[in-house]
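Have a look at the structure below before the remarks.
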Amino acid sequence: MNFTYATKVDVLLKAQKAIGIPFKYLDKSGRLGRHRNKGGIGQVVEEGHFGYSPNSDAEPDFKAAGVELKVTPYRRNFDGSISAKERLVLNIIDYMTEYESTFEESGFWKKNKSILMMLYEYSVNKAKGDFSISHAFLYEYPLKDLVIIKNDWERIVSKVRAGLADELSEGDTLYLGACTKGTNATSLRTQPFSDKMAKQRAYSLKQSYMTGILRRYIFGNNCDERIIHDVKDLRNASFEELISSRLRPYFGRTRSSLLDEFKINGKSKDASERIIARILGVTGKLSQTEEFRMANILPKTIRLSQNGAPEESMSFKAFKFIELLCQHWEDSDLKELFESTKFMFIVFRIIEDGEQVFEGITFWNMPQSDISEVEKVWLKTVEIIREGVRLRLADNRVYNNFPKSSDNRIAHVRPHARDREDVDELPDGTMTKQCFWLNRTYVMEILKEAGLIRNPKGLYK
DNA sequence: GCATGATCATGC
DNA sequence: GCATGATCATGC
């Protein structure tokens, strides 16, 4: 514990003195050289700059000042914009006690009410010791975020109360996540209302939320539209409930009438997303609003055929074959996608030729158990790329041996390109760009559970 | 009707 | 011009 700094300003002033000093000059005990020492840079700053030993107390690092210290990286993108490099991992969630308290008395709030953020720019072609702090500032949650964070905390704790700590997932919540934390993925803890062991998890400010903070306060270029204008709306309803209730009056409306009403080009592939945005009072795209960006919510449009089943499987960004070979599942983009993304499914149902009606929406994130199932598809895909994809030409099509939708309950691999000539490098040649798809039947399961498929014929006679 | 390869339309 | 989200098209 550290009592040297009595006030927040004391801490801040000291922190600002670290700006510009390469970490190698702060590293008094050779921490940066140590292999796989993830907290390395943070510890170097605590020890070498502030002069106290790293600890894992329940109290904030600077107890008297009531400030928690966090050193965190950001990166500059190709277009010059800034992104947080990672989520900000906070204290470990004590499943056994956290549920007993109110938000104000919670372990989360006690420790992280006020955070001294020290930022450094990360770059791949620079050694750790050459990075240095570029910004230091005190972060306290603005009210518009705090109402959401409070709801997030409630959601995490209520899952523990329901004996479901083992099913916690970062995608459950919007800004404050419950991310896995441990020496390895198998660090387990007991939980109060179930005999099942649960993965050790820590509170975290999601990467998308961190990016939002940086753009909003530091790099000053956040001009995203907001959906929620009055924080009071979030006191008695979750964000998802609020969105759903605002859209509800439009359920059952034909797509063409909505396109007319909002003057939207129906040929556009994002027309349905734009309809929803306009209903919510947003001029641009839903995915570009502050809340959607900061919570990493991905809107996806689903068309149901007349028999009530989704018409198509769901595509994602094309992956790069060589990049897949360089990743482990644990740090793969795909795992990251399904762990941290919340999806908003926007559902339209075809009622006759050329006409659809707005059926409704549902928010969803992939459960942990299903993410483990996706891992199999990912591993198989990597194996196939490594061993060499087998291509077969027939009917003027190029068939491959990537996992098919019939091979796995959840996902498969399929082309995702402009055309067949739109290729990506393989270790031994090139082939049409591919991406992971969620199976049509899996999407159907999700919608059934959400009550969005009223008349399930087809596969479910 | 389904699975899977192929391609479209838009915005940035 | 390309990445992205979405949809078309063909053979079984």
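Here is how names work: the chains are called A, B, and so on, in the same order as the sequence lines, proteins then strands, and each is numbered from 1.
Here C:dA6 presents its P atom at 12 Å from CD of A:Q356, a figure rounded to the nearest Å. B:dA3 atom P lies 13 Å from atom CD of A:E311, rounded to whole Å. Between the CH2 atom of A:W437 and the P atom of C:dT4 there is a distance of 14 Å, given to the nearest Å. Taking atom CG of A:D407 as the reference point, atom P of B:dA3 lies 12 Å away to the nearest angstrom. Rounded to a whole Å, the CD atom of A:E273 is 14 Å from the P atom of C:dT4. Regarding A:E323, its CD atom lies at a distance of 12 Å from the P atom of C:dA3, rounded to whole Å. With rounding to whole Å, A:R414 atom CZ is found 14 Å from B:dC2 atom P. Taking atom CD on A:Q434 and atom P on C:dG5, their separation rounds to 17 Å, with Å as the unit.
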Walk me through it: do A:Y217 and A:F137 pass the test ring pair (Phe, Tyr, Trp, His ring centres under 6.0 Å)? CA-CA 10 Å; A:Y217 300 109; A:F137 63 102; 7.5 Å; no
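Closest-nucleotide positions on DNA chain C for A:L298 and A:E312 were compared, and the one nearer the 5' end corresponds to A:L298. Residues A:D395 and A:A318 each lie close to DNA chain C; by heavy-atom proximity, the contact nearer the 5' end of the strand is made by A:A318.
OP1 or OP2 of B:dG5 has at least one side-chain nitrogen or oxygen of A:K404 nearer than 4.0 Å. OP1 or OP2 of C:dA6 has at least one side-chain nitrogen or oxygen of A:T301 nearer than 4.0 Å. Contact between the side-chain N/O atoms of A:R397 and the OP1/OP2 oxygens of B:dA3 is not found at any separation under 4.0 Å. Proximity of A:S405 to the phosphate of B:dC2: no side-chain N or O atom is located under 4.0 Å from OP1 or OP2.
Of the inter-residue distances, the one linking A:L205 atom CG with A:M117 atom CE reads 6.0 Å to the nearest 0.5 angstrom.
With a 6.0 Å cutoff to the six-membered ring centre and a 45° limit on the axis angle, A:K85 does not count as a cation-pi contact of A:Y74. At least one test fails for A:R278 against the ring of A:F262: distance under 6.0 Å to the centre or angle within 45° of the axis.
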Are there any protein N/O atoms within less than 3.5 Å of an N/O atom in nucleotides 10-12 of chain B, and if so, which ones and at what distance?
| from | atom 1 | to | atom 2 | distance (Å) |
| --- | --- | --- | --- | --- |
| B:dT10 | OP1 | A:N265 | ND2 | 2.7 |

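Considering all non-hydrogen atoms of both residues, A:G360 and A:F251 come closest at CA-CE2, 3.5 Å. A:L174 approaches A:I297 most closely through the heavy-atom pair CD2-CD1, 4.0 Å. Closest approach of A:A277 to A:G284, counting heavy atoms only: CB-O, 3.5 Å.
Ring orientation note: the planes of A:F23 and A:Y120 are nearly perpendicular, at an angle over 60° on the 30°/60° scale. Using a 30° and 60° split on the angle between ring planes, A:F343 and A:F316 fall in the perpendicular class, above 60°.
Less than 4.0 Å separates DNA chain C from at least one heavy atom of each of the following residues of residues 417-428 of chain A: A:R418.
Between A:D166 and the options A:Q368, A:Q191, A:K159, A:K199, a side chain to side chain donor-acceptor pair (under 3.5 Å) holds for only A:Q191.
In this structure, A:H412 reaches neither bases nor backbone, as no heavy-atom distance under 4.0 Å exists between it and the strands shown.
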